[in-house]
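Order of listing sets the numbers, starting from 1, for every ligand and every atom in it.
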Amino acid sequence: MRSRFAPSPSGRMHLGNGWAALACWLACRSAGGTIVLRIEDIDQARSRQEFIDLIPEDLAWLGLDWDEGPVKGGAYGPYVQSQRLARYDEVLAELAERRLIYPCYCTRKELQEAARIRRNAGPVYPGFCRNLTPEQCLERENSGRRPSLRVSFPPGEVTFNDLVLGPVTLHTSELGGDFPVRRTDGVHAYQLAVAVDDADMHVTQVIRGADILDSTPRQLRLFELLGEAPPSYGHVPLLVDHTGRKLSKTHKDLELAALRERGVRPEVVIGYLAYKSGLIDRYRPLHAGELLPEFSLPRLNRPPIEIEPDAEVVLARFSKK
Ligand code: GLU
């Protein structure tokens with residue numbers, strides 16, 4: 001088994017990112033697998049070096065180790081997405097050659113207008129550019145338009161067996177239909193980078209937060225087009241605040257580095273997460289390894305995990321005992 005942590009360095013990692021990493025670590029280590037650390041800085045405008053530098057520090061502080069990654073190296077690097085752009089272009093060229101992707105010249109405004117006219121048909125890509133002739137493409141290029149690249153995602157249901165949730169069925173129309181693999185500004189789409197990396201890094205099991213559940217059918221589609229066997233996917237419950245909002249980097253919620261600076265101990269964080277997620281019945285500080293014997297992914301099939309508003313104070317208090 002090969003699994004991966006794949007954080008985006010768009011902010012300091014928070015308790016929810018720590019939780020996703022813990023779940024991934026438990027699932028992989030309990031099966032004796034290998035863990036890859038991959039830095040998902042595909043969106044350069046949102047990524048910062050200081051956040052990249054903090055990732056290994058945060059993970060190591062929690063006691064979660066990995067086997068391959070940016071500094072460690074490994075057979076399938078580089079493990080930083082911004083160093084893999086040529087590889088994504090190579091895959092796009094291959095897909096274009098096989099006519100599996102097409103240039104799309106639609107503007108956001110045109111797509112919004114199309115959705116409005118079709119009244120509540122949802123933000124499904126209406127297929128305007130799906131069958132453009134080379135002449136029509138040229139015409140659009142000449143009028144100054146730059147294309148994104150889209151991959152076809154024909155209407156239908158996609159079913160997969162989630163390692164946590166069991167069978168999941170989603171309809172491609174709920175997911176927006178044909179989806180971009182490269183943006184107008186040339187930035188590769190998250191869906192493409194993740195699928196290519198998971199394939200290239202021979203990842204066999206993906207454990208991540210439930211907020212990414214609806215990306216899975218798109219990634220499965222890309223695996224199909226790449227002719228590669230997809231990994232298994234498991235989506236763990238998100239950490240939410242008392243209003244039901246998921247923890248976020250932009251809100252600077254419960255950042256791991258901030259907890260550390262406050263004197264919170266990592267065993268307290270692990271014990272707290274284990275208790276809140278139902279892996280143990282009563283809170284106690286512990287090391288991640290102590291959870292291994294009893295761990296199983298289906299035990300995490302439960303609603304979002306609510307974190308109390310004063311969690312930081314609670315964690316700091318537990319750390320003094
Ligand atoms: N980089 C994504 C994030 O930090 C995770 C992507 C994935 O696990 O597929 O939210």
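- Remark: side-chain polar atoms of Arg265 are paired, donor with acceptor, to backbone N or O of Ser319 under 3.5 angstrom.
- Side-chain contact, Thr34 with Glu68: no donor N or O sits under 3.5 Å from an acceptor N or O.
- Using a 4.5 Å heavy-atom cutoff, the side chains of His235 and Leu300 are not in contact.
- In this structure, the protein non-hydrogen atom closest to atom 5 (C) of ligand 1 is Ala6 O, 3.4 Å.
- For the residue pair Asp178/Ser152, the side-chain donor-acceptor check at 3.5 Å is not satisfied.
- Close contacts of ligand 1 with Arg208, meaning ligand atoms under 4.0 Å from a residue heavy atom, involve 7 (C), 8 (O), 9 (O).
- Checked by atom type and distance alone, the side chain of His251 never pairs as donor or acceptor with a backbone atom of Asp253 at under 3.5 Å.
- Residue contacts with ligand 1 leave out Gln219, since none of its heavy atoms falls under 4.0 Å from the ligand.
- Only side-chain heavy atoms of Ile212 come within less than 4.0 Å of ligand 1; its backbone N, CA, C and O stay farther off.
- Checked against a 3.5 angstrom limit, the closest N/O atoms of Val206 and ligand 1 fall outside it.
- Given atom 3 (C) of ligand 1, the protein heavy atom at minimum distance is Ser8 OG, 3.5 Å.
- Looking at Glu40, His235, Met13, it is Glu40 that brings a heavy atom closest to atom 1 (N) of ligand 1.
- Here the side chain of Asn17 pairs a donor or acceptor atom with the backbone of His14 at under 3.5 angstrom.
- Short contacts between ligand 1 and Arg4, defined as distances under 4.0 Å to a heavy atom of the residue, involve ligand atoms 7 (C), 8 (O), 9 (O).
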